[in-house]
Every structure is written in structure tokens, then in C-alpha cells.
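Report on the following structure.
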Amino acid sequence: MGSSDAEKHYRTIPPTPYARPPIDPTPERQKQERRARRVGLYEDVHLLSKQGVSIRAIARQLKICRQAVRRYL
């Protein structure tokens, strides 16, 4: 069985290999992004709580642990 070029194609390295986008090296920017996510979760937890949603349901919906929901409340 001979290998044709089409069969070998999957093994070749593409001319421009995938490069990850550069990560912003500034810790301050990462800190701000984490804080923004926390604040958003906090607001979502309080909004759902005011609507009468249980702690368990809030945790399930936001994909966070119940302890975090209690902490935010």
C-alpha cells in the first residue's frame, strides 16, 4: 500500500502554526478582571435572592458552590 500526498496531509505541520493570543502580563489587569467577575456574581446572587430563588437553585444556576452564595448574601 503506497501513501499518497492526501493521506500524509494530516501529519504535516501547517505553514503558520497556531499561536496563542498574547496574555496581558500586567497583574493589575488580571486583578481587575477577577474583581469584575466577582462583582457580577455578587449582583446576580442578590438579584436572584430578591426574586425568591433558593440558595441551592442560585448555586446551580450560576455554577458556584452554595457556600459562595451564602457568603455573597
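Positions are given from 1, in the same order as the sequence printed here. As the structure is a prediction and not an experimental result, all values here were calculated from the model.
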Output the distance between atom [atom1] ([X]) and atom [atom2] ([Y]), rounded to the nearest 0.5 Å.
{"X": "T26", "Y": "Q32", "atom1": "OG1", "atom2": "CD", "result": "8.0 Å"}
{"X": "R60", "Y": "S54", "atom1": "CZ", "atom2": "OG", "result": "7.0 Å"}
{"X": "I58", "Y": "L47", "atom1": "CD1", "atom2": "CG", "result": "9.0 Å"}

Neighbour count >12 (heavy atoms, 6.0 Å) for atom CD, Q67: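 Counting neighbours around CD of Q67, 12 or fewer heavy atoms of other residues, nucleotides or ligands fall under 6.0 Å, so no.
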Residue pair L48, L62: steps toward the side chain to side chain contact (heavy atoms under 4.5 Å, CB included) verdict: CA-CA 10 Å; L48 290 169; L62 298 178; 4.2 Å; yes
Looking only at non-hydrogen atoms, find the nearest pair between [X] and [Y] and report the distance.
{"X": "H46", "Y": "L73", "answer": "NE2-CA, 4.1 Å"}
{"X": "A59", "Y": "C65", "answer": "CB-C, 4.0 Å"}
{"X": "Y42", "Y": "Y72", "answer": "CE1-O, 3.2 Å"}

Any pair counted as salt bridge (Lys or Arg N to Asp or Glu O under 4.0 Å), so long as it reaches residues 31-42, sequence neighbours left out: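 The answer is R29-E33.
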Beyond-backbone contact of V45 with I64, side-chain heavy atoms, under 4.5 angstrom: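 They are in side-chain contact.
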